[in-house]
Asks: 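After the structure tokens below, expect a handful of questions from me.
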Amino acid sequence: MNPPSLPPISRRRRRTDKLMRGFLALGTGIALIPLILIVYYLLHKGLSSWTSGGFFTTDPNGNFFGNPGGIRSAIFGSLEIVGLASAIAIPIGIGVALYLTEYGKDTRYASVIRYFVDVMTGVPSIMFGLFIYIVLVISKAGGVGFTAWKGAIAISLLMLPIVIRSAEVVLLLVPSGLREAALALGAPRWQVIRRVVLPTALPGLVTGSLLAVARGMGETAPLLFTVSVAFGLTGNLNAQMNTLPLQIFGDITSPRTAVTDRAWGAALTLVTLVLILNVVARAIARRSRMA
């Protein structure tokens, strides 16, 4: 017996479908316009700085006349501060996510933690900088005021809710059957977490952590209140340090064309670093799905 044929789609429904598809395409195009303009201006104004001599190999020199220097100290300073912030936020964030998924689950205490994590996600980044400024900078913790490690703590507070939320989602995707099978073999819960849960969720944890790092890389407001600005290259985290966001913030208001050009080149460098981190995170996530 032949199955009954479906009724034909009416012309009115076809026209409505085409109209809605057109509206969606138009909305997508409008949303892409700012992104295209930003990328265009960055490439148009920043590539010339990249090709200038010493842009990536020299430090800002503060000279009002002549060559203003490059952004070497800003690049290394950003990498050092974000690296320290990642070392703080990623282990703590994954640990909190493990508690929420493996131990707390639906308890009231876990619900309170999730609530405050959601609140931290919506807090403006400048508030983290003000908090560290009041608690650590004014009190001169460590014997000095503005330091790189205080900026790293502010950035880690910004990254922490992102790591917690992304890690919790990934850990919840680990099948419960894997945990139950390991527990049935007599393994204690901490070994189940170490040898089963974490290796299974590792690609997703790396992806979420890289997205948090990309978010922290471009933040300026927390660093304004905690790090200040230093032109020279330094590896001392207990001193002032230059970063790409602060370099851009200071250069873009300069009346000198050479300095504003350096700001565009630094902005293109920062966007490129963030883009690389996002591409790596996407590649890891795609590889995980394929596996």
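Bear in mind that the values here come from a model prediction, so they are computed numbers and not experimental data. Index from 1, following the sequence.
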Asks: Can a donor-acceptor pair be found between the side chains of S48 and W264 at a distance below 3.5 Å?
Replies: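 The criterion, which ignores hydrogens and geometry beyond distance, is not satisfied for W264 and S48.
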Asks: Exactly one of T234, N242, T243 should register a side-chain hydrogen bond (donor to acceptor under 3.5 Å, both in side chains) with S73. Which one does?
Replies: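 One option only clears the test, and that one is N242.
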Asks: Are any of the side-chain nitrogens in D261 or R256 under 4.0 Å away from the carboxylate oxygens of its partner?
Replies: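 Salt bridge: no.
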Asks: Could you state whether V279 and L210 fall into the same hydrophobic cluster, counting links through intermediate Ile, Leu, Val, Met, Phe, Trp or Tyr residues with side-chain heavy atoms under 4.5 angstrom apart?
Replies: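 Cluster IDs for V279 and L210 differ.
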Asks: Might you point out which heavy atoms bring A263 and I248 nearest each other, and give the distance in Å?
Replies: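 It is O-CG1, 3.9 Å.
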Asks: When you compare the side chains of T101 and E168, does any donor N or O come within less than 3.5 Å of an acceptor on the partner?
Replies: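 No, no side-chain donor-acceptor contact under 3.5 Å.
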Asks: Output yes when a side-chain donor or acceptor of R194 lies under 3.5 Å from a complementary backbone atom of R189, and no otherwise.
Replies: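 A pair under 3.5 Å: no.
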Asks: Under 3.5 Å, side chain of R262 to main-chain N/O of P68, donor-acceptor pair present?
Replies: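 Such a contact is found between R262 side chain and P68 backbone.
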Asks: Using a 3.5 Å distance criterion without hydrogens, assess whether the side chain of K150 forms a donor-acceptor pair with backbone atoms of G145.
Replies: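 Yes.
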Asks: If only atom types and distance count, is the side chain of W50 paired as donor or acceptor with the main-chain N or O of F55 below 3.5 Å?
Replies: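 Judged by distance alone, no pair lies under 3.5 Å.
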Asks: Looking only at heavy atoms, which two atoms of G151 and T226 are closest? And how far apart?
Replies: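 Closest pair (atom of G151, atom of T226, distance): CA-OG1, 3.2 Å.
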Asks: Quick check against the 3.5 Å criterion: does S254 have a side-chain atom that pairs as donor or acceptor with the backbone of D251?
Replies: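 Flag not set: sc S254 to bb D251 has no pair under 3.5 Å.
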Asks: Side chain of T58, backbone of G70: donor and acceptor closer than 3.5 Å?
Replies: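 Pair found, side chain donor or acceptor close to backbone of G70.
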